2 protein chains.
Amino acid sequence: MAKRGQPPATEKVQPARDQVDRNSLIACMELLFFAYRDFTGDPDAVLEHYGFGRAHHRVVHFVNRNPGLSVADLLLILKITKQSLARVLKQLIEKGFIVQKPGKEDKRQRLLFATAKGSRLAEKLAELQIVRLEQALKAAGPGADEAARKFLFAMVGASDRSRVERLIDAPVTKTKTSKNQPTGQNENN
Amino acid sequence: MAKRGQPPATEKVQPARDQVDRNSLIACMELLFFAYRDFTGDPDAVLEHYGFGRAHHRVVHFVNRNPGLSVADLLLILKITKQSLARVLKQLIEKGFIVQKPGKEDKRQRLLFATAKGSRLAEKLAELQIVRLEQALKAAGPGADEAARKFLFAMVGASDRSRVERLIDAPVTKTKTSKNQPTGQNENN
DNA sequence: CAAATATGTCAACATGGCTGACATAACTTC
DNA sequence: GAAGTTATGTCAGCCATGTTGACATATTTG
């Protein structure tokens, strides 16, 4: 694939990608790295204070945003193994940031809920990132908000988009539908 | 997707942040997580094939894009410790993806260059991410390209923006200016 | 020359991924 | 109702990649 070096303006129908485009795309790519690097940097300082790491942040965030999330659903969101999750989840439960309740329909499930304490932490961390986001979207001009969401959404692997869409659209509403929505998908991005 | 962003036209001067805005910002926040998760996922598969990880990717990418980069400058880009860098850099050098040359002006420096092999790997990985980016920007509509760059740039910590700007603007030109540009900054995002 | 700088290196440790194996309880199916 | 499947937990160990602290070497600079 990657075979470039033919920038001269021929009258091709499919201009492919000229050097300008490519540089621009690479800039975007590097910016994404830097943006994410600093985006995650803010909460890290706070988390350290609790003896937590980035992994804890993710868990407490998604559980707080989606009360009653099942372990299986959380694993689909994070795309890590249950053993990896278990480690941080255990700590969050022990320290009273998250509680588990058996599902009513399916008693095997251990639905996850943030405690008041957990919720406070989640909100605190979210606020930090929201402030940064808000400022960045403002700086990017009007409409950047919508453009950014569309862009980021399209960056998500195709097989995960519907799940992600559901998740971000109705976080408060959603509670225990996992069983009823097979979501049978296996990463073909 | 994400049909928010229409604040109920009140005539407030400073609406602070209503619930709609907040939900929208949180959606953006989560999307950034998912986007980055999948953005980095593509190259990982290829890297595995070489026995490399994400850390190697970053190094080989930035060195390839900035031939003659000094170790110190690379550390400022990656924001990791020299010991962390040393580990992956050593492997990349041993396996012939990167070479070091003493600086001409300052002989203490070990300027970094990608070998042909290293360059090939870097391009291959870049291509994967570029394809995803290209598709996403297209999906986000006209102008998303510019908006995304502005947005992402504004997400970078304020103290790092000028460095990042220089880096992405003139990657090919830049070669050994680090010494002449003090870049005295220390993370106040 | 002395001090500061650029880089390298050793050693130890933490976090957060991973795999494999196995256990338990509850649901589903025949 | 027995058998199989599913949701979850857990033990044990490995790997990648980040950290700190200490120290060595060469080179540049005041």
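Every chain is numbered from 1, with letters handed out A, B, ... down the list of sequences. If you're wondering where the values come from, they're calculated on a predicted model, not measured in any experiment.
The cationic atom of B:Lys95 (NZ for Lys, CZ for Arg) does not lie both less than 6.0 Å from the six-membered ring centre of B:Tyr50 and within 45° of the ring axis.
Atom P of nucleotide C:dG8 and atom CG of B:Leu111 are separated by 11 Å, given to the nearest angstrom. Atom CG of A:Leu92 and atom P of D:dG9 are 13 Å apart (whole Å). Protein atom CG of B:Leu75 is 12 Å distant from nucleotide atom C1' of C:dG8, rounded to whole Å. Rounded to whole angstrom, the span from the NZ atom of B:Lys90 across to the P atom of C:dG8 amounts to 11 Å. With rounding to whole Å, B:Ile93 atom CD1 is found 12 Å from C:dT7 atom P. In this structure, the CG atom of A:Leu78 is 18 Å from the P atom of C:dT15, given to the nearest Å. Remark: P of C:dT7 and CG of B:Leu69 are 10 Å apart, rounded to the nearest angstrom. In this structure, B:Asp44 atom CG and C:dG17 atom C1' are separated by 11 Å, rounded to whole Å.
Other residues, nucleotides and ligands place more than 12 heavy atoms under 6.0 Å from the CD atom of B:Glu94.
Donor-acceptor pairing under 3.5 Å, judged by distance alone, is absent between the side chain of B:Arg110 and the base of C:dT7.
Ion pairing between B:Arg22 and A:Glu134 fails under the 4.0 Å rule for side-chain N and carboxylate O. The pair B:Arg166-B:Asp169 fails the salt-bridge criterion, with no side-chain N (NZ, NE, NH1 or NH2) lying under 4.0 Å from an Asp/Glu carboxylate O. The pair A:Glu30-A:Arg37 does not meet the salt-bridge criterion, since no charged nitrogen lies less than 4.0 angstrom from a carboxylate oxygen.
Closest to the side chain of B:Lys107, out of C:dT9, D:dT28, D:dT6, is D:dT28. The side chain of B:Arg108 has D:dA26 as its nearest neighbour among D:dT8, D:dA26, C:dT7.
For A:Phe39 and B:Phe151, the ring centers are positioned 6.0 Å apart or more.
The stretch residues 52-63 of chain A touches DNA chain C through A:Gly53, A:Arg54, A:Ala55, A:His56, A:Arg58, each having a heavy atom within less than 4.0 Å of the strand.
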Using nucleotides 19-25 of chain D, report all nitrogen or oxygen pairs with the protein that are shorter than 3.5 Å.
residue : atom : partner : partner atom : Å
D:dT19  : OP2  : B:Thr81 : N            : 2.7
D:dT19  : OP2  : B:Thr81 : OG1          : 3.0
D:dT19  : OP2  : B:Ser84 : OG           : 3.3
D:dG21  : O6   : B:Gln83 : NE2          : 2.8

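Phosphate proximity of C:dC27 to A:Gln109: absent, as no side-chain N or O sits under 4.0 Å from OP1 or OP2.
Nearest-nucleotide mapping onto DNA chain C: of A:Gln91 and A:Gly103, the residue sitting toward the 5' end is A:Gln91.
When heavy atoms are screened at a 4.0 angstrom cut-off, B:Glu48 is found touching no nucleic acid atom at all.
A:Leu74 pairs in a side-chain contact (heavy atoms from CB on, under 4.5 Å) with only one of the listed residues (A:Ile80, A:Asn66, A:Leu69), which is A:Leu69.
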(request) Evaluate side chain to side chain donor-acceptor pair (under 3.5 Å) for A:Arg149 paired with B:Ser24, printing each intermediate quantity in order. (result) CA-CA 9 Å; A:Arg149 270 199 308 282; B:Ser24 175; 2.6 Å; yes
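Residues passing the side-chain contact (heavy atoms from CB on, under 4.5 Å) test with A:Lys117 are A:Phe97, A:Thr115, A:Arg120, sequence neighbours excluded.
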